[in-house]
Novice: 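I have a structure I would like to understand better, so I am pasting it below and will then ask my questions one at a time.
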Amino acid sequence: MKLKMKFAYLSIAVLLLMVLAAACGGGAAPTNAPPTAATNPTSAPSNPTTAPSAGGAKPTIIVGSKGFTEQLILGQMVAQLLESKGYTVDKKNIGLASTAIVSEALKKGDINV
């Protein structure tokens, strides 16, 4: 009988912790907040190749990332986000070897994001 009571108390404690954890979760960002570079990555690049043309057509954005799993996923996510916003995206630089290579490519303008 004591084992059943301990199990019941443990179950209640776990349930309360789950409810508490869910209550601490963040809500959606306010809709009236101005876009920032974190929420609007299309505004961040200042490379001349990303400046809108006179005709209003959106430029091609060159996305690059490092070659390990998390960075490959992030590179694809950024590319898909930009494509959903109407940009043409060049993804040939997703999967570069190292931070030094990606940093140099950004400095030289070989990649925009």
Novice: Check which hydrophobic residues are tied to Leu74 through side-chain heavy-atom contacts below 4.5 Å, counting indirect links as well, and list them.
Specialist: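 For the cluster that includes Leu74, the remaining residues are Ile73, Met77.
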Novice: Does any part of the side chain of Leu106, heavy atoms only, come nearer than 4.5 Å to the side chain of Ser103, both counted from C-beta?
Specialist: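 Ser103 does not reach Leu106 side chain to side chain.
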Novice: Quick check for you: to the nearest 0.5 Å, what is the distance between Lys66 atom NZ and Leu72 atom CG?
Specialist: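 Those atoms lie 11.0 Å apart.
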Novice: Could you state the interatomic distance from CG (Asp90) to CG (Asp110), rounded to the nearest 0.5 Å?
Specialist: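 Asp90 CG to Asp110 CG: 11.0 Å, rounded to 0.5 Å.
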Novice: NZ/Lys91 to CG/Leu82 distance, rounded to the nearest 0.5 angstrom?
Specialist: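 Result: 10.5 Å between the selected atoms.
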Novice: Rounded to the nearest 0.5 Å, what separates atom NZ in Lys92 from atom CD1 in Ile94?
Specialist: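 Reported to 0.5 Å precision, the distance equals 12.0 Å.
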Novice: Taking all heavy atoms of Ser65 and all of Gly75, pick out the closest pair and write down the distance.
Specialist: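 Shortest heavy-atom contact: CB-CA, 4.1 Å.
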Novice: When Val89 is tested against each of Asn112, Leu81, Val63 for side-chain contact (heavy atoms from CB on, under 4.5 Å), which residue passes?
Specialist: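 So, applying the side-chain contact (heavy atoms from CB on, under 4.5 Å) to Val89 and each of Asn112, Leu81, Val63, only Val63 qualifies.
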